[in-house]
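Working notes for the structure below.
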Amino acid sequence: MKTIVFANQKGGVGKTTSAVNIAAALGIAGKRTLLVDFDPQGNATSGVGVRKPQVTSYDIVIGRRPASDAVIKTDFKNLYVIPASMPLAAADFELADLENREARLKNALDAISKSYDYAIIDCPPSLGLLTVNALAAGDGVVIPMQCEYYSLEGLSQIMTTVKQVKKLYNPSLTLTGILITMYNGRLNLSVSVLDEIKKYYADKLFKTPIQRNVRISEAPSYGMPIQYYDKYSRGGLQYSDVAAELMERI
Ligand code: ADP
Ligand code: MG
């Protein structure tokens with residue numbers, strides 16, 4: 001199993017949207033894919049049509065249930081989810097007192113890694129212990145970001161955290177790619193921020209930016225990834241392209 005972590009401490013940058021839609025695309029491509037919701041908001045969980053989960057990612061990081069107990073098969077091809085719910089918010093605090101506090105998620109997922117080709121972890125919007133656990137479990141990191149002025153500062157913060165986790169807990173962690181989300185090529189600012197990112201991270205940038213597309217924002221309210229809600233929408237096609245590129249990169 002290859003584990004890819006979708007992380008960015010900023011909220012609303014498209015982490016969950018990208019994690020859900022890329023996980024669905026990997027499933028459609030024939031890969032057994034496990035989406036791990038690691039944000040107490042539970043948006044990835046509801047985004048694949050799962051409501052009121054009983055056993056969640058909280059139970060597995062705290063260590064009171066094995067990961068296999070938390071896995072739910074979704075209605076979508078080759079797509080499984082470990083759901084999240086609000087109690088996970090307390091884990092950030094509770095984990096602080098536990099042994100191996102940054103390796104809890106990794107240890108839990110190791111037990112089921114033979115059953116899946118990919119795990120996709122959706123992180124909360126912070127760089128706390130939950131995100132550190134996710135990074136410690138990862139083979140690769142994808143950083144979704146918008147082309148805004150402050151995005152560049154945010155990018156250097158997350159890169160610092162990735163480097164620290166790599167050094168302290170997970171030497172095999174690599175930056176898989178930076179994914180531009182909600183792109184609007186008609187905005188001069190977006191174009192110039194993108195140029196700036198290219199200067200520093202050219203080889204890390206996914207070739208396809210995800211454009212702003214209303215169909216993408218509608219899909220979660222139906223509990224569906226974009227590929228099932230509107231397969232031929234621009235967003236659906238772009239996320240499938242990114243998933244194909246991800247498989248080449250990892
Ligand atoms: P995060 O997980 O980083 O907080 P989300 O994935 O929840 O961000 O996205 C934030 C909001 O933006 C959501 O309402 C989502 O539906 C919307 N959104 C994400 N990507 C797009 C896009 N390409 N086009 C239009 N809306 C988008
Ligand atoms: Mg989210």
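Both counts, for ligands and for their atoms, begin at 1 and track the order of listing.
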- Task: Could I get the full list of side chain to side chain donor-acceptor pair (under 3.5 Å) partners for Asp122, not counting sequence neighbours?
- Result: Thr16
- Tell me which protein heavy atom sits closest to atom 23 (N) of ligand 1, plus the residue, atom name and distance to 0.1 Å. Gln211 O, 3.0 Å
- Item | Sole candidate of Thr208, Leu205, Val13, Ile22 that passes side chain to side chain contact (heavy atoms under 4.5 Å, CB included) when paired with Leu179 | Ile22
- Message: If we count only N and O atoms by modelled type, under 3.5 Å, do the side chains of Asp37 and Thr45 hold a donor and an acceptor together?
- Response: yes
- Item | Residue-ligand contact Thr181/ligand 1, heavy atom below 4.0 Å | no
- Do the side chains of Val5 and Val142 get nearer than 4.5 Å, heavy atoms only? no
- Task: Would you please say whether a donor-acceptor pair under 3.5 Å links the side chains of Tyr239 and Gln227?
- Result: no
- Query: Taking the inter-plane angle between the rings of Tyr116 and Tyr80 on a 0 to 90° scale, is it parallel (under 30°), tilted (30 to 60°) or perpendicular (over 60°)?
  - Reply: perpendicular
- Message: Can you report which non-hydrogen protein atom sits closest to atom 8 (O) of ligand 1, along with the distance?
- Response: Gly14 N, 3.0 Å
- Item | Numbered atoms of ligand 1 (with element) below 4.0 Å of Arg212, judged on heavy atoms | 23 (N), 24 (N), 25 (C)
- Does Asp92 reach the main-chain N or O of Ala89 with its side chain, forming a donor-acceptor pair under 3.5 Å? no
- Going by chain and residue number, what protein N/O/S atoms come nearer than 2.8 Å to the Mg ion (ligand 2)? Thr16 OG1
- Task: Could you check if a side-chain atom of Phe6 sits within less than 4.5 angstrom of a side-chain atom of Ile120, using non-hydrogen atoms only?
- Result: yes
- Query: Would Gly11 count as a contact of ligand 1 if the rule is a heavy atom under 4.0 Å away?
  - Reply: yes
- Message: Do the side chains of Glu94 and Arg104 get close enough for a salt bridge, i.e. N-O under 4.0 angstrom?
- Response: no
- Item | Heavy atom of the protein closest to atom 26 (N) of ligand 1 (residue, atom name, distance) | Ser217 CB, 3.6 Å
- Message: Within the 4.0 Å heavy-atom shell around Ile210, which atoms of ligand 1 are there?
- Response: 23 (N)
- Query: Is there a protein heavy atom less than 4.0 Å away from atom 13 (C) of ligand 1?
  - Reply: no
- Query: N/O to N/O below 3.5 Å, does that happen between Lys15 and ligand 1?
  - Reply: yes
- Query: Mind checking whether Glu218 has a heavy atom under 4.0 Å from ligand 1?
  - Reply: no
- Item | Donor-acceptor pair, side chain of Ser151 and main chain of Glu148, under 3.5 angstrom | yes
- Query: If you measure from the Lys or Arg side-chain nitrogens to the Asp or Glu carboxylate oxygens, is any gap between Asp110 and Lys106 under 4.0 Å?
  - Reply: yes
- Option of least heavy-atom distance to atom 1 (P) of ligand 1 (set: Cys123, Ser18, Gly12): Gly12
- Message: Within ligand 1, which atoms have a heavy atom of Val13 less than 4.0 Å away?
- Response: 1 (P), 3 (O), 8 (O)
- Task: Tell me which protein heavy atom sits closest to atom 20 (N) of ligand 1, plus the residue, atom name and distance to 0.1 Å.
- Result: Met182 CG, 3.6 Å
- Message: Quick test of your reading of the model: are Asp230 and Arg215 salt-bridged, counting only N-O distances below 4.0 Å?
- Response: yes
- Task: Please work out which of Thr17, Val20, Asp39, Asn43 has its closest non-hydrogen atom nearest to atom 9 (O) of ligand 1.
- Result: Thr17
- Side-chain donor-acceptor pair under 3.5 Å between Gln146 and Tyr183, yes or no? no
- Message: Below 4.0 angstrom, counting only protein heavy atoms, does anything approach atom 4 (O) of ligand 1?
- Response: yes
- Message: Does either side chain, that of Ser172 or that of Asn170, offer a donor lying less than 3.5 Å from an acceptor on the other one?
- Response: yes
- Distance to 0.1 Å, residue and atom name: give those for the protein heavy atom nearest to atom 25 (C) of ligand 1. Asn213 O, 3.2 Å
